[in-house]
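One structure is given below, encoded as structure tokens.
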Protein chains: 2
Amino acid sequence: MEKTIERLALYRRLLKNQSGKGNTHIFSHQLAGISGYSAAIVRRDLMNIGYYGTPRHGYEIKALIDCLNVFFNKPEVKSLILVGAGNLGRALIAYFIKDKTEYNLIAAFDSDPLKVNLKYNGCPCYSLEKIPELIAASQASVGIITVPAENAQSVADLLVENKIKGILNFAPVSLTVPESVYVENVDLALMLEKVLYFSVHHREGEKKNGMT
Amino acid sequence: MEKTIERLALYRRLLKNQSGKGNTHIFSHQLAGISGYSAAIVRRDLMNIGYYGTPRHGYEIKALIDCLNVFFNKPEVKSLILVGAGNLGRALIAYFIKDKTEYNLIAAFDSDPLKVNLKYNGCPCYSLEKIPELIAASQASVGIITVPAENAQSVADLLVENKIKGILNFAPVSLTVPESVYVENVDLALMLEKVLYFSVHHREGEKKNGMT
DNA sequence: ATTACTTTGTTAAATATATAACAATGTTTG
DNA sequence: CAAACATTGTTATATATTTAACAAAGTAAT
Ligand SMILES: NC(=O)c1ccc[n+]([C@@H]2O[C@H](COP(=O)([O-])OP(=O)(O)OC[C@H]3O[C@@H](n4cnc5c(N)ncnc54)[C@H](O)[C@@H]3O)[C@@H](O)[C@H]2O)c1
Ligand SMILES: NC(=O)c1ccc[n+]([C@@H]2O[C@H](COP(=O)([O-])OP(=O)(O)OC[C@H]3O[C@@H](n4cnc5c(N)ncnc54)[C@H](O)[C@@H]3O)[C@@H](O)[C@H]2O)c1
């Protein structure tokens, strides 16, 4: 189910793109082509959310986007905050501040007095004490953590205290949060390690890989 | 197997950390605790690479690190390059240039003349024409792509032509490469979408989620 | 020594995910 | 209008991954 949701979010983006190009219908194998998955999995995913196409015309793009919007609770745009306006944090601010229709990044927070009260790409940076106030005012429900590993847990605790329900964590630590809070860890160093590994071991043995 | 390798890379990092703290042994449940996985999965993963602990003392940290180093071909440090010294690219440069013992980021490349010949955190930025020369000289085998989506495929093609064997791609497109090249896509916008979704739907129904 | 514990390695079962297959259906073609 | 076709929805099968279970083995306590 989790994998399906990841793909659905991708389909949604790709379909909006296709719609922008003036296309009205799409086949499972076409969506498969642009998404990088298989046609079978596309059909199965769409079946899961209860959207039905027609054998000869495939899927109607607009209707499918609507269906995905309902699934993802759009157009309601949930508010976000980001903690840690360092190198990575600022790159993310620059990226997410752009698309107001999808993401509502309302503020960044940093413990460094030199950063407080600055604006990055128009996004205000506050001190940590402002977190309760700003979250309450904006009803933000998701937080992005881009602080050093040693401070990530305390930041997570602070976010949880203030009713944040989802965390995208870039610090290379396993966060402890209540079960009701969803955490997605993005460990970029590990991802690079994985590529380094498979750049060597990929394609050796094809179907067998000697380990089991 | 893929998931196992992701975790092994994490264990390796955590164990080096533990070793630095002076610990000599560790139990599966302890490694589970700091990694965020279960003890059963830790034991199973270590079984897979053929490392054996003892019932009462658990795993000997130093020996296990050695074993993981062999598995990951360390201390041989493979060279990397990065293409696209924009907001995200520069954040990654700053991060990966730091740890010379693990990553050997030899150069960045950008099509923007204003960026060419600058240095970011000591990492030189060249024009794209220099790619063949630099890859050949450094034997770099992995490339990080942080260019806009519309240019990502042409950059990937260029890297593949120049014998890159692994790509960490941050552009939100599905790259087409020969089967012998390994690609890991990191789509940060989709990851945020996922958190937005689960910040609402997490914990609703616990074991059941209504979608079979 | 014997007993009680703890933790491992490994097997077995459960769950999750992906692939393959194909009847049903609507479309086009002759 | 019937035959040929392409594509869907869905089921069945295969693979991957996780969880659970427990005998074997070493350790500590008595
Ligand atoms: N930069 C990358 O490309 C990269 C790659 C992999 C992982 N990461 C991880 O992402 C995180 C951020 O990396 P970075 O390169 O941006 O680091 P950075 O040092 O550039 O930025 C960290 C920021 O967090 C702020 N900060 C520190 N403690 C804080 C606290 N308690 N509350 C609020 N703000 C606080 C600092 O003032 C700084 O602005 C780190 O955990 C790092 O390991 C970054
Ligand atoms: N910044 C983020 O946090 C973020 C988040 C999600 C996804 N991304 C993706 O990562 C990529 C980079 O994002 P960014 O924010 O750093 O963008 P950016 O515009 O800041 O940087 C892109 C860089 O690539 C360079 N470039 C463009 N075409 C090139 C080419 N053909 N060859 C070499 N260099 C080229 C540009 O000169 C620029 O320096 C994009 O694909 C973006 O969608 C970024």
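Residue numbers start from 1 in every chain, and the chains themselves are labelled A, B, ... in the order their sequence lines are given, proteins ahead of strands. Worth saying up front: this structure is predicted, and the values here are computed from it rather than measured. These values consider heavy atoms only, across backbone and side chains, with no hydrogens, waters or symmetry-generated copies.
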Quiz item: Sub-3.5 Å donor-acceptor pair from the side chain of Asn169(B) to the main-chain atoms of Ala171(B), do we have one?
Solution: yes
Exercise. When you get a sec, tell me which of dT19(D), dA18(C), dT18(D) is the closest nucleotide to the side chain of Ser38(B)?
Key: dT19(D)
Quiz item: Tell me: NZ of Lys3(A) to P of dT15(D), nearest whole Å?
Solution: 18 Å
Quiz item: Are Thr101(A) and Asp99(A) close enough that a side-chain donor and a side-chain acceptor fall under 3.5 Å?
Solution: yes
Show me the donor-acceptor pairs, under 3.5 Å and distance only, between side chains in residues 69-97 of chain A and residues at least two apart or in other chains.
| unit_1 | atom_1 | unit_2 | atom_2 | d |
| --- | --- | --- | --- | --- |
| Asn69(A) | OD1 | Arg12(A) | NE | 2.6 |
| Asn69(A) | OD1 | Arg12(A) | NH2 | 3.3 |
| Lys74(A) | NZ | Glu102(A) | OE1 | 3.3 |
| Lys74(A) | NZ | Glu193(B) | OE1 | 3.4 |
| Ser79(A) | OG | Asn104(A) | ND2 | 3.0 |
| Ser79(A) | OG | Ser138(A) | O | 3.4 |
| Arg90(A) | NH1 | Ala85(A) | O | 2.9 |

Quiz item: Can you name the salt bridge (charged side-chain N to carboxylate O under 4.0 Å, His left out) partners of Glu184(B), sequence neighbours left out?
Solution: Lys194(A)
Practice problem: Nearest whole angstrom, please: distance from the C1' of dA16(C) to the CD1 of Ile41(A). | Solution: 12 Å
Quiz item: Can you name the salt bridge (charged side-chain N to carboxylate O under 4.0 Å, His left out) partners of Arg7(B), sequence neighbours left out?
Solution: Asp45(B)
Practice problem: For residues Ser28(B) and Leu31(B), determine if any side-chain heavy atom of one lies less than 4.5 Å from a side-chain heavy atom of the other. | Solution: no
Exercise. Using a cut-off of strictly less than 4.0 Å between a heavy atom of the residue and any atom of DNA chain C, enumerate the qualifying residues of residues 188-196 of chain A by number.
Key: none
Quiz item: Please give, in whole Å, the distance from dT15(C) P to Glu2(A) CD?
Solution: 17 Å
Quiz prompt | Whole-Å gap separating C1' (dA16(D)) and CD (Glu6(B)) | solution = 13 Å
Quiz item: Could you run down nucleotides 4-13 of chain D 5' to 3' and tag each one B, S or - for protein heavy-atom contact under 4.0 Å?
Solution: -BSBBBBBB-
Exercise. Evaluate the side-chain proximity of Phe27(B) to Val42(B): yes if any heavy-atom separation is below 4.5 Å, no if none is.
Key: no
Please tabulate, for the side chains in residues 156-166 of chain A, all donor-acceptor contacts under 3.5 angstrom to protein atoms that are two or more places apart in sequence or on a different chain.
| unit_1 | atom_1 | unit_2 | atom_2 | d |
| --- | --- | --- | --- | --- |
| Asp157(A) | OD1 | Gln153(A) | NE2 | 2.8 |
| Asn162(A) | ND2 | Leu158(A) | O | 2.8 |

Self-check item: Distance in angstrom units between Arg7(B) CZ and dT19(D) C1', rounded
Solution: 12 Å
